[in-house]
Asks: 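Next up is a structure, given as structure tokens.
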Amino acid sequence: MKSMFIALRFSIVLMLICGLVYPLVTTGFAQVLFPKQADGSLMTAADGTVTGSKLIAQNVESSMLFHPRASNAKYDPTASAGSNRAVATTDYVKEIGDKVAAVKADNPGLAKIPADLVTVSGSGFDPDLSPEAAKAQVARISKATGMSADALNKLIDDAEQGRQLSIFGEPRVNVNALNEALLKQIKP
Amino acid sequence: MGMGFLQVAVTLAIVMLLVKPVGTYLVNVFSQEKTKLDRVFGPVERLIYRIMGVREGESMGWRGYLGAVLLSNFIMLILCYLVLRLQGHLPMNPDGIGSMPAGQAFNTAVSFITNTNWQSYSGENGLSYLSQLLAITFPMFTSAATGFAVAIAFIRGLAGRKDELGNFYVDVTRSITRIFLPLSFLVALFLVFQGVPQTVLGAVHASTLDGGEQTITRGLIASLESIKHLGTNGGGWMGTNAAHPFENPTALANLIHILCMMLLPTALIYAFGLMIKNKKQGWVLFGAMSVIFLAMLATVFVSEYRGVGAVDAMGVHGNMEGKEVRFGISESALFTTVTTAATTGSVNNMHESLTPLGGFTALAEMMLNNVFGGKGVGLLNGLLYLILAIFICGLMVGRTPEFLGKKIEGKEVKLASIALLIHPLIILAPTAIAFLSPNAQSSIANGGMHGLSEVLYAFASGAANNGSAFGGLSANTDFYNIGIGVVMLLGRYVSIIAMIAIAGSLAVKRVVPVTTGTLRTNTPLFSGILLVIILVIGALTFFPSLALGPIAEHLAMPK
């Protein structure tokens with residue numbers, strides 16, 4: 001009975017230390033040191049309304065904007081979902097074939113198809129595109145907005161983020177940042 | 001691919017550099033003599049012991065130690081279960097989440113107490129903030145600390161002269177105050193710096209750039225992420241785990257996640273060598289595990305870069321399905337190998353959409369269950385195979401097998417066999433049962449060979465206390481909630497019970513002096529023998545099921 005009582009006190013004390021004190025103290029430090037990130041890297045419009053998070057991809061249907069990677073979550077953060085496709089099947093190969101054809105329709109002569117453009121992301125909210133995948137959308141956006149391809153390519157080059165510490169990760173462009181920049185040019 | 005290779009090499013080099021200093025630190029943490037650390041942490045710990053009613057100097061025999069493990073884990077299980085069942089009525093629930101149903105709450109509480117972190121719920125819509133703290137973050141600390149404590153107790157039995165394995169409560173408290181809390185705090189702050197949210201405020205509503213609406217869920221994510229990987233737990237705040245940009249926003253955050261997973265399991269093996277005063281013995285184990293790890297890593301890496309032949313032919317190179325741009329193929333392959341080796345179970349890419357050989361690797365690592373392995377338990381599984389290898393070698397050369405001067409006899413081998421055989425039993429038997437039940441089969445998302453892998457993966461993940469999944473399987477049914485719940489309990493506690501019993505039995509054995517006739521177990525040759533025995537036992541047990549699942553799928557892949 002005594003050992004039971006010790007085990008119970010042991011469990012409750014640790015529950016309070018690890019489950020309440022630690023996360024709340026961490027929150028205090030995080031909010032003071034990195035307030036922007038701690039709140040979710042939110043983006044705001046000029047009038048202060050929240051337009052999304054820089055880290056979370058949004059549903060974009062307009063042909064005038066860059067489209068993020070396909071999402072199994074329909075870009076709804078309240079129900080995240082990644083791709084759970086079995087890739088070694090004929091169904092999958094056929095589906096990729098259709099997507100490749102669509103990319104080629106906009107970009108005749110493109111030999112290497114950016115893999116991220118024709119696949120579904122892992123998180124459902126992949127905020128990035130490879131620079132190649134962004135450039136494969138230039139022809140479409142140029143047609144819809146009337147902006148020159150050169151101007152759009154420059155937007156992409158300016159937004160490109162390299163590998164961290166020159167080693168880790170892959171070169172990428174943040175689609176939300178890209179679209180913010182693009183919108184500024186379309187509606188000044 | 002060149003840059004991909006470099007990233008992996010640099011990451012592994014950092015892991016290797018940390019092994020010795022961290023291993024040495026671990027020995028100090030658990031030392032029963034006074035160390036400098038006592039001056040730093042002593043006052044806080046003594047206060048905690050007083051509130052708990054624990055007497056610091058009291059050492060437990062193997063029965064007492066085991067009793068404390070089981071009793072405290074059972075109480076924590078009940079506490080977590082209650083929080084989940086009542087979360088709808090408790091505070092800190094800004095998104096208004098309802099209480100969890102019984103079957104799922106059982107599965108979830110077991111999952112986190114056993115260090116598995118299998119998730120049949122999705123955090124962003126299934127848990128209140130309070131549950132994320134009290135029923136998820138809290139057991140992430142204690143389950144990791146429990147694994148550590150058991151491993152340390154086993155080593156004390158192996159190296160000791162009497163049945164005194166230490167004090168379970170002290171071992172757990174020390175690993176939390178001296179390792180997990182300070183490290184988790186620092187890592188959490190770094191993750192926030194990289195973009196992981198840490199806020200008590202609820203979801204935020206956004207009017208998106210294309211004129212749509214989006215509700216962005218947040219939470220105290222960073223403080224969960226750091227212990228999730230330091231404790232090789234693996235359960236994410238969000239459903240898509242470390243693939244989610246809020247859990248793993250950058251490649252640097254990803255690097256820190258990987259280092260945290262590898263840090264303690266690798267260092268513990270070195271610490272083992274130090275504690276038994278036979279560093280070579282530690283390296284023998286380390287060597288065998290490293291060989292398997294590198295072979296597995298190479299398999300996923302190459303297989304994912306190659307992708308599916310028929311897709312490659314269309315000009316789409318590499319398999320990016322279910323992966324994130326910021327990690328690319330190399331960081332995804334590395335994460336997959338590490339998370340299934342260290343039995344963490346978090347994912348930064350969806351394992352279900354790996355190529356067949358990529359999925360094979362993840363499955364195989366969980367089936368072997370000793371490639372570095374989870375907190376403490378990985379070392380124990382490695383030692384189980386070591387005991388078996390010594391026994392088999394002893395039989396081959398006709399000598400009484402000894403390990404560190406202690407005779408390995410019938411009792412130890414029987415206990416070791418039980419601990420080893422329970423693992424395949426609780427993977428293969430429930431998989432077979434699932435395929436006999438139409439109800440269980442209806443949860444499968446992808447048909448055919450891939451469907452077999454889905455179910456096999458689920459039970460392998462539960463048995464290895466890993467927690468990752470082929471996510472297509474709809475696991476939130478009574479069959480899988482209860483079935484995997486029971487598998488997780490058996491996978492965790494049967495081997496813990498057997499190992500502590502072996503420790504108790506070895507602790508009181510007379511030490512036989514080393515002679516020229518003693519089988520030397522700390523040589524590279526023995527490392528090779530250990531490796532072969534691990535692979536032969538693993539292959540004999542699991543090859544048929546792997547052949548029907550991922551291997552057949554690979555052979556049938558559209559070219």
Side-chain angles (χ1 to χ4, degrees), chain A residues 6-11 13-15 18-19 23 26-27 30 34 37-41 49-53 55-56 58-60 62 65 77-80 82-88 90 93 96 100 111-113 115-116 118-119 122-128 130 164 167-170 172 179, chain B residues 7 51-53 71-72 75-76 125 133-134 137-138 141 169 188 192-193 195 197-199 206 208-210 212 215-218 220 223 238-240 243-245 249 251-252 255 308 310-311 314-316 318 320-326 328 349-350 352-353 356 446 450 471-472 553 557-558:
Chain A
I6 291 177
L8 183 65
R9 275 157 69 180
F10 165 82
S11 303
V13 169
L14 290 183
M15 190 179 212
C18 306
T26 308
T27 308
F34 313 107
Q37 293 98 312
D39 280 343
S41 308
T49 53
V50 176
T51 56
S53 163
L55 293 173
I56 303 291
Q58 308 181 338
N59 186 28
V60 179
S62 163
L65 296 174
T78 63
S80 72
S83 164
N84 284 311
R85 284 300 296 270
V87 297
T90 45
V93 172
I96 294 290
V100 168
K112 196 177 164 225
I113 309 294
D116 51 322
V118 293
T119 48
S123 61
F125 315 105
D126 193 340
D128 302 311
S130 65
Q164 281 179 304
I167 296 178
F168 297 103
E170 302 291 330
R172 58 201 171 111
N179 281 335
Chain B
Q7 297 179 35
I51 306 172
M52 291 174 177
L71 189 60
S72 63
I75 290 174
M76 290 188 249
N125 53 34
L133 300 185
L134 294 186
T137 307
F138 154 63
F141 279 94
Y169 299 117
V192 177
F193 166 56
Q198 178 76 17
T199 174
T208 64
L209 299 172
D210 194 23
T215 303
I216 299 170
T217 52
R218 316 180 276 180
L220 299 90
S223 58
M238 307 288 187
T240 46
H244 197 293
L252 269 190
L255 171 73
V308 178
V311 173
M314 291 187 259
V316 182
M320 276 301 284
E321 185 72 27
K323 295 188 179 62
E324 298 278 294
V325 169
R326 60 195 180 284
N349 66 96
M350 295 298 118
E352 177 122 32
S353 21
N446 289 288
H450 201 78
E553 205 190 347
M557 188 159 72

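Here is the naming used below: chain letters follow the sequence lines, and residue numbers restart at 1 for every chain.
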Asks: Go through Gly82(A), Ser53(A), Pro23(A), Ser41(A) and name the one with the most non-hydrogen pairs under 4.5 angstrom from chain B.
Replies: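 The residue among Gly82(A), Ser53(A), Pro23(A), Ser41(A) with the greatest pair count is Pro23(A).
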Asks: Under 4.5 Å heavy-atom distance to chain A, tell me which part of Ile51(B) shows up: side chain, backbone, both or neither.
Replies: both
Asks: Under a 4.5 Å heavy-atom cut-off, does chain B meet the side chain of Val13(A), its backbone, both or neither?
Replies: side chain
Asks: Side chain, backbone, both or neither: which part of Thr49(A) has an atom under 4.5 Å from a heavy atom of chain B?
Replies: neither
Asks: Side chains of Ser123(A) and Glu324(B): any donor to acceptor distance under 3.5 Å?
Replies: yes
Asks: Side chain, backbone, both or neither: which part of Leu252(B) has a heavy atom under 4.5 Å from chain A?
Replies: both
Asks: With sequence neighbours excluded, what pairs up with Phe138(B) under the ring-ring contact (aromatic ring centres under 6.0 Å, His included) test?
Replies: none
Asks: Who wins among Ala7(A), Gly169(A), Pro77(A) for the most heavy-atom pairs under 4.5 Å with chain B?
Replies: Pro77(A)
Asks: Under 3.5 Å, side chain of His450(B) to main-chain N/O of Glu352(B), donor-acceptor pair present?
Replies: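 Yes, the answer is positive, given that a donor and an acceptor are paired below the 3.5 Å cut-off.
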Asks: Using a 4.5 angstrom heavy-atom cutoff, name the option from Ala115(A), Ser80(A), Ala30(A) with the most pairs to chain B.
Replies: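 It is Ser80(A).
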Asks: Quick one: does Asp210(B)'s side chain have a donor or acceptor within less than 3.5 Å of a partner on Ser62(A)'s backbone?
Replies: yes
Asks: Any side-chain heavy atom of Gln198(B) within less than 4.5 Å of one from Ser223(B)?
Replies: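 In short, these two side chains touch, coming nearer than 4.5 Å.
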Asks: Quick one: what part of Gln164(A) sits under 4.5 Å from any heavy atom of chain B, side chain, backbone, both or neither?
Replies: side chain
Asks: Can you tell me which portion of Val60(A) sits under 4.5 Å from chain B's heavy atoms? Options are side chain, backbone, both or neither.
Replies: both
Asks: Using non-hydrogen atoms and a 4.5 Å limit, figure out which bit of Ile167(A) sits close to chain B: side chain, backbone, both or neither.
Replies: both
Asks: So which part of Asn59(A) gets closer than 4.5 Å to some heavy atom of chain B, the side chain, the backbone, both or neither?
Replies: backbone
Asks: Tell me whether Gln58(A) contacts the main-chain N or O of Leu209(B) through its side chain, where contact means a donor paired with an acceptor under 3.5 Å.
Replies: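 Pair found, side chain donor or acceptor close to backbone of Leu209(B).
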Asks: Count the heavy-atom pairs under 4.5 Å between each of Ala79(A), Gly124(A), Ser130(A) and chain B, then report the option with the highest count.
Replies: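 Answer, by heavy-atom pair count under 4.5 Å with chain B: Ala79(A).
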Asks: What is the distance from atom CG of Asp116(A) to atom NZ of Lys323(B), rounded to the nearest 0.5 Å?
Replies: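 Between atom CG of Asp116(A) and atom NZ of Lys323(B) there are 12.5 Å.
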Asks: Could I get the full list of ring-ring contact (aromatic ring centres under 6.0 Å, His included) partners for Tyr169(B), not counting sequence neighbours?
Replies: Phe10(A)
Asks: Check each atom of Ala111(A) against the heavy atoms of chain B and say whether the ones under 4.5 Å are side chain, backbone, both or neither.
Replies: backbone
Asks: Heavy-atom pairs under 4.5 Å with chain A - which of Arg326(B), Met76(B), Glu321(B) has more of them than the others?
Replies: Glu321(B)
Asks: Specify which of Asn84(A), Thr27(A), Thr51(A), Thr119(A) makes the most heavy-atom pairs with chain B at under 4.5 Å.
Replies: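 Option with the greatest count: Asn84(A).
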Asks: Considering non-hydrogen atoms only, spot the tightest contact between Val325(B) and Glu170(A) and give its length.
Replies: O-CB, 3.5 Å
Asks: Identify the two heavy atoms, one from Asp39(A) and one from Arg218(B), that lie closest to each other, and give their separation to 0.1 Å.
Replies: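 For Asp39(A) and Arg218(B), the tightest heavy-atom pair comes out as O-NH1, 2.8 Å.
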Asks: Mind ranking Gly52(A), Pro127(A), Gly122(A) by heavy-atom pairs under 4.5 Å with chain B and telling me who comes out on top?
Replies: Gly122(A)
